Amino acid sequence: MKYLLTGDEAIARGAYEAGVHFASAYPGTPSTEILENLAKYEEICAEWAPNEKVALESAIGASIAGGRAMASMKHVGLNVAADPFFTFAYTGVNGGAVIISADEPGQHSAQNEQDNRNYAKSAKIPMFEPANSQECRDMVLESYKLSEEYDTPVMIRMTTRVCHGKSIVECGERKEVAIREYVKDAKKYVCVPANAKVLRRNLELKLAKLKKYSETTPFNFEEIKSDKVGVIASGPCYHYAKEVFGEDASYLKLGFTFPMPDDKIRAFCQKVEKVYIVEENDPYIEERVRYLGFNCYGKDLLPKYGEMTPDVIKQGFFGEEPAVIAYDESAVVGRPPTLCAGCPHRGFFYELGKRKNVMISGDIGCYTLGFAKPYNALDSCICMGASFSIGHGAQQVFNMTEDKKMRVVSVLGDSTFLHTGVNSLIDVIYNNSNAVSVILDNRITGMTGHQENPGTGYNAKGNEANMIDIEALVKAIGIKHIRTINPNNLKEVSDALDEFLALDEPSVIITKWPCALKKFSKEDKEEFPGAFTKKMVVNRDKCIGCKMCMKCGCPAISFDAENKKAVIDGIQCVGCGVCSQLCPKDAIEWKED
Amino acid sequence: MTKNVLLVGVGGQGTILAAKILTQGLLEAGYDVKMSEIHGMSQRGGSVSSHVRYGEKVESSTIEPGAADILVSFEKMEALRELKFLKPDGIAVVNEHEMPSMPILTGDAVYPKDAVEEIKKHVKTIVLNATQMALDLGNGKVANIVLLGTIIKAMKLENIDWESIVKKQVKPAFVDLNLKALRCGMDAVNL
């Protein structure tokens with residue numbers, strides 16, 4: 001059957017067909033939809049893990065027990081999972097194991113741009129690089145064969161356009177694979193130095209065999225049409241290069257890029273006069289080509305960052321600019337992402353942003369948008385779960401200054417707290433920090449599009465699950481000052497901040513209100529009755545046009561300059577009520593049904 | 001020849017569903033089809049785009065600047081932002097719906113009211129109020145399907161059995177509404 005699938009859907013489809021038993025992931029753009037699609041298959045035990053390290057570790061356990069396993073994550077997720085990743089290369093597998101890394105050239109939705117092909121090379125784990133959805137499906141099937149035949153985990157390196165690009169996929173049926181027998185084997189799985197040294201030596205033997213595979217696999221293929229121009233490309237860059245160089249050039253398309261097929265590369269380079277390398281992020285292939293002694297055009301002419309789309313290749317290699325309409329673009333205004341109307345973070349950031357002498361340590365999630373105008377309520381954002389620890393370190397140094405006037409408020413979301421933030425909170429209590437730690441609990445993993453997490457009471461399949469009680473967890477860690485508040489109530493927010501900023505001990509504020517876009521569970525309906533069921537409207541007789549309500553930065557409020565009145569968009573408004581608390585004339589009222 | 005359709009708008013306007021129905025129709029008509037879109041952070045009220053490419057054999061899933069045969073903008077200012085992607089002899093379809101972005105709401109910038117006039121100076125432009133048309137049909141959400149109708153007409157894809165494709169993509173209760181919206185969009189195009 002032929003389907004039009006995204007790369008993420010095709011990975012899930014491939015895993016299904018390959019008889020995968022167990023899959024685990026933490027959501028992260030652009031990899032999220034892999035696990036979401038795996039969860040739709042009854043045959044697969046598909047789970048959200050609290051973080052990527054845990055996801056990979058559970059996949060390793062599933063493999064050791066004899067099942068076929070998959071762990072998927074965004075590029076920075078592999079940083080979190082790097083510890084087990086490196087040693088998993090030594091132990092190898094029982095049931096086949098595949099790790100998906102979804103990289104983000106161009107940083108569409110990430111804090112950095114990193115080339116995870118370097119991880120495969122560094123950890124000595126074989127790697128595929130699909131160019132389209134068909135290859136995603138095919139390479140997953142091949143990866144499981146390879147994994148079990150060569151006794152190694154396999155990595156598949158995707159990029160945003162492969163993950164979220166749709167193309168046609170010829171699919172097959174699922175073939176059930178028997179769970180392999182579990183054999184206790186300490187020499188293989190217990191990585192004490194004595195065992196690991198032997199495993200390290202054996203790893204070189206595996207890599208030598210995999211090198212031979214790389215030379216013969218049809219996923220590394222030549223198309224010889226010209227003896228003048230040859231292009232070496234991997235991933236979607238193969239398709240981009242074809243748009244530029246056309247059918248008259250020769251190509252070496254690399255789908256299996258660790259270990260590299262040196263002989264194939266040598267043979268190809270000898271067949272053509274000029275060699276062009278097109279790849280995204282680092283000069284990974286290019287360095288190998290140069291190491292093998294061939295001159296080539298690559299990152300000397302192309303940008304070292306961003307996507308290598310056809311226009312970028314044309315500009316870089318040939319200085320060609322696209323023929324575009326020459327028009328006056330100056331009137332166009334930027335459209336940065338914003339907190340949605342009704343976002344429970346709005347009230348909190350409005351109050352927090354007003355504070356003076358406060359450093360606000362931020363984290364990864366929708367609430368990162370608190371950095372923007374009109375809130376200006378975030379001073380730093382580095383990686384998942386970092387806000388509490390960064391805030392703690394900063395507070396320790398501020399406390400060494402003479403006037404000790406700077407205070408720290410650290411903020412992160414519920415899912416991020418359970419990801420790695422909980423470790424940082426342990427640091428805060430253990431080292432007796434007086435930074436104020438805030439958990440913005442919107443009852444869901446928001447930014448990636450509403451995935452369940454250990455705090456929501458539901459699992460990846462949508463079934464009821466044990467729910468972590470965040471307040472009880474914070475208490476168990478040893479925090480004495482805990483306040484759970486409704487962030488839409490500005491006085492509650494302000495009072496909690498006043499009180500806890502005056503303390504000289506660890507404290508935690510939990511803001512608890514569901515994301516305005518969340519589909520309410522039955523528990524949500526009980527806990528937050530009437531939430532988002534009414535709308536607000538401006539009483540134009542009372543409105544004096546002071547624009548105070550606009551200071552909360554709600555996309556549903558605009559200003560009618562002609563009549564000098566605020567206007568609430570009845571379609572977007574969900575009635576959080578934050579704006580009405582800013583109005584000095586009580587001109588924002590509940591809309592009558 | 002590969003044809004390029006670029007749908008642009010603001011997160012939440014339904015560009016993704018419109019592109020999904022379009023690509024499904026093209027697939028069933030026997031074309032090679034590729035689509036590219038960006039999810040994630042930009043969903044939160046940011047600019048969004050879906051690139052659809054179809055033909056005998058399609059390589060890249062993204063449309064280069066100056067290469068779109070048709071630019072369909074679900075929001076007025078977004079049309080002006082993305083006009084550089086349109087071929088100089090391409091067609092611009094603009095939904096006359098204004099969604100002020102945050103810098104405009106905070107008073108730091110002014111909405112470009114004359115966006116359509118600027119576009120009209122350069123290319124063949126079809127202007128319609130798909131949002132109002134959808135509201136008149138009884139549901140503002142089907143503005144995306146009205147705009148899909150304009151693509152079908154402008155790209156001469158009327159021969160594809162859109163009725164059966166829409167039936168597969170939307171809930172039974174909404175099929176009639178969606179088909180009416182599709183017809184509305186097709187009727188709005190006179191080339």
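Order of the sequence lines sets the chain letters (A, B, ...), proteins ahead of strands, with each chain counted from 1. Note that the coordinates shown come from a computational prediction; the quantities given were computed from them, not determined experimentally.
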Practice task
Check whether B:Glu75 gets within reach of chain A through its side chain, its backbone, both or neither, counting any heavy atom under 4.5 Å.
Solution key: side chain

Problem - Donor-acceptor side-chain pairing of B:Glu78 and B:His97 below 3.5 angstrom - result: no

Exercise for the section: Rounded to the nearest 0.5 Å, what's the gap from OG on A:Ser167 to CD on A:Gln134? Could you check? Expected result: 8.0 Å

Exercise for the section: Could you look at A:Tyr327 and say if it's the side chain, the backbone, both or neither that has a heavy atom under 4.5 Å from chain B? Expected result: both

Practice task
Using the ring of A:Phe559 (Phe, Tyr or Trp, six-membered ring only), decide whether A:Lys547 places NZ or CZ under 6.0 Å from its centre and within 45 degrees of its axis.
Solution key: yes

Exercise for the section: Answer yes or no: are there more than 12 heavy-atom neighbours, outside B:Tyr31 itself, under 6.0 Å from its atom OH? Expected result: no

Exercise for the section: Look at A:Thr32, A:Leu4, A:Asp569 and state which one has the largest set of heavy-atom pairs under 4.5 Å with chain B. Expected result: A:Leu4

Fill in the blank from the handout: Max heavy-atom pairs within cutoff under 4.5 Å with chain B, candidates A:Ala372, A:Ser330, A:Ala326, goes to A:Ala326

Practice task
Count the heavy-atom pairs under 4.5 Å between each of A:Pro336, A:Pro374, A:Ala341 and chain B, then report the option with the highest count.
Solution key: A:Pro336

Exercise for the section: Check the surroundings of atom NZ in A:Lys565: do more than 12 heavy atoms from other residues, nucleotides or ligands lie under 6.0 Å from it? Expected result: yes

Handout entry: Contact class of A:Leu517 relative to chain B, heavy atoms under 4.5 angstrom
Key = side chain

Handout entry: ring-ring contact (aromatic ring centres under 6.0 Å, His included) evaluation trace for A:Phe245 with A:Tyr240
Key = CA-CA 9 Å; A:Phe245 292 91; A:Tyr240 298 153; over 10 Å; no

Exercise for the section: Please say whether more than 12 non-hydrogen atoms of neighbouring residues, nucleotides or ligands are located less than 6.0 Å from NZ in B:Lys153. Expected result: yes

Practice task
Start with the C-alpha gap between B:Met77 and A:Val333, add the side-chain angles, then the distance that decides, and say whether side-chain contact (heavy atoms from CB on, under 4.5 Å) holds.
Solution key: CA-CA 8 Å; B:Met77 180 169 74; A:Val333 180; 3.8 Å; yes

Practice task
Determine the option with the most heavy-atom pairs under 4.5 angstrom with chain B, choosing from A:Glu307, A:Lys2, A:Arg161.
Solution key: A:Arg161

Problem - Electrostatic pair B:Asp108-A:Lys373, nearest N-O below 4.0 angstrom - result: yes

Exercise for the section: Can you tell which part of A:Ala131 gets under 4.5 Å to a heavy atom of chain B, answering side chain, backbone, both or neither? Expected result: neither

Completion exercise
Answer key: most heavy-atom pairs under 4.5 Å with chain A among B:Ala67, B:Pro103, B:Ala19 is B:Pro103

Handout entry: Heavy-atom contact with chain B under 4.5 Å, split by part of A:Pro30
Key = neither

Handout entry: Leading residue by heavy atom contact count with chain A [cutoff under 4.5 Å; candidates B:Val33, B:Leu83, B:Val58]
Key = B:Leu83

Exercise for the section: Would you mind checking which part of B:Asp114 comes under 4.5 Å of any heavy atom in chain A, side chain (CB onward), backbone (N, CA, C, O), both or neither? Expected result: neither

Exercise for the section: In plain terms, say whether B:Glu59 and B:Lys57 are close enough for a salt bridge, that is, a side-chain N and a carboxylate O under 4.0 Å apart. Expected result: yes

Problem - Under 4.5 Å from any heavy atom of chain B - which part of A:Cys163 - result: neither

Practice task
State whether the number of non-hydrogen atoms from other residues, nucleotides or ligands found under 6.0 Å of A:Lys314 atom NZ is greater than 12.
Solution key: yes

Handout entry: A:Ser558 portion near chain B, given a 4.5 angstrom heavy-atom threshold
Key = both

Practice task
Please look at B:Lys121 and chain A and tell me whether the side chain, the backbone, both or neither of the residue comes under 4.5 angstrom of a heavy atom of that chain.
Solution key: neither

Practice task
Against chain B, work out which of A:Gly334, A:Ala241, A:Pro236 has the most heavy-atom pairs shorter than 4.5 Å and name it.
Solution key: A:Gly334

Exercise for the section: Examine the side chains of A:Thr416 and A:Tyr367 and answer whether a donor and an acceptor come within less than 3.5 Å of each other. Expected result: yes

Identify every side-chain donor-acceptor pair in residues 127-139 of chain B under 3.5 Å, counting partners at least two apart or on other chains, and give the distances.
residue	atom	partner	partner atom	Å
B:Asn129	OD1	B:Thr131	N	3.4
B:Asn129	OD1	B:Gln132	N	2.9
B:Thr131	OG1	B:Asn95	ND2	2.9
B:Gln132	NE2	B:Asp136	OD1	3.1
B:Asn139	OD1	B:Lys141	N	2.9

Handout entry: Which atoms of B:Leu27 approach chain A - backbone, side chain, both or neither, heavy atom under 4.5 Å
Key = side chain

Practice task
Would you verify whether the NZ or CZ of A:Lys242 falls within 45 degrees of the ring axis of A:Tyr251 while also being under 6.0 Å from that six-membered ring's centre?
Solution key: yes

Handout entry: Short side-chain to backbone donor-acceptor contact, B:Gln13 and B:Asn144, under 3.5 Å
Key = no

Exercise for the section: Measure A:Pro310 against the heavy atoms of chain B and call it side chain, backbone, both or neither at under 4.5 Å. Expected result: both

Practice task
Answer with side chain, backbone, both or neither: which region of B:Val52 has an atom nearer than 4.5 Å to a non-hydrogen atom of chain A?
Solution key: neither

Handout entry: Contact listing (chain A partner; residues 166-176 of chain B; heavy atom under 4.5 Å)
Key = none

Fill in the blank from the handout: Counting heavy-atom pairs under 4.5 angstrom with chain A, the leader among B:Gly66, B:Ala109, B:Pro88, B:Pro65 is B:Pro65

Exercise for the section: For residues B:Val123 and B:Ile91, determine if any side-chain heavy atom of one lies less than 4.5 Å from a side-chain heavy atom of the other. Expected result: no

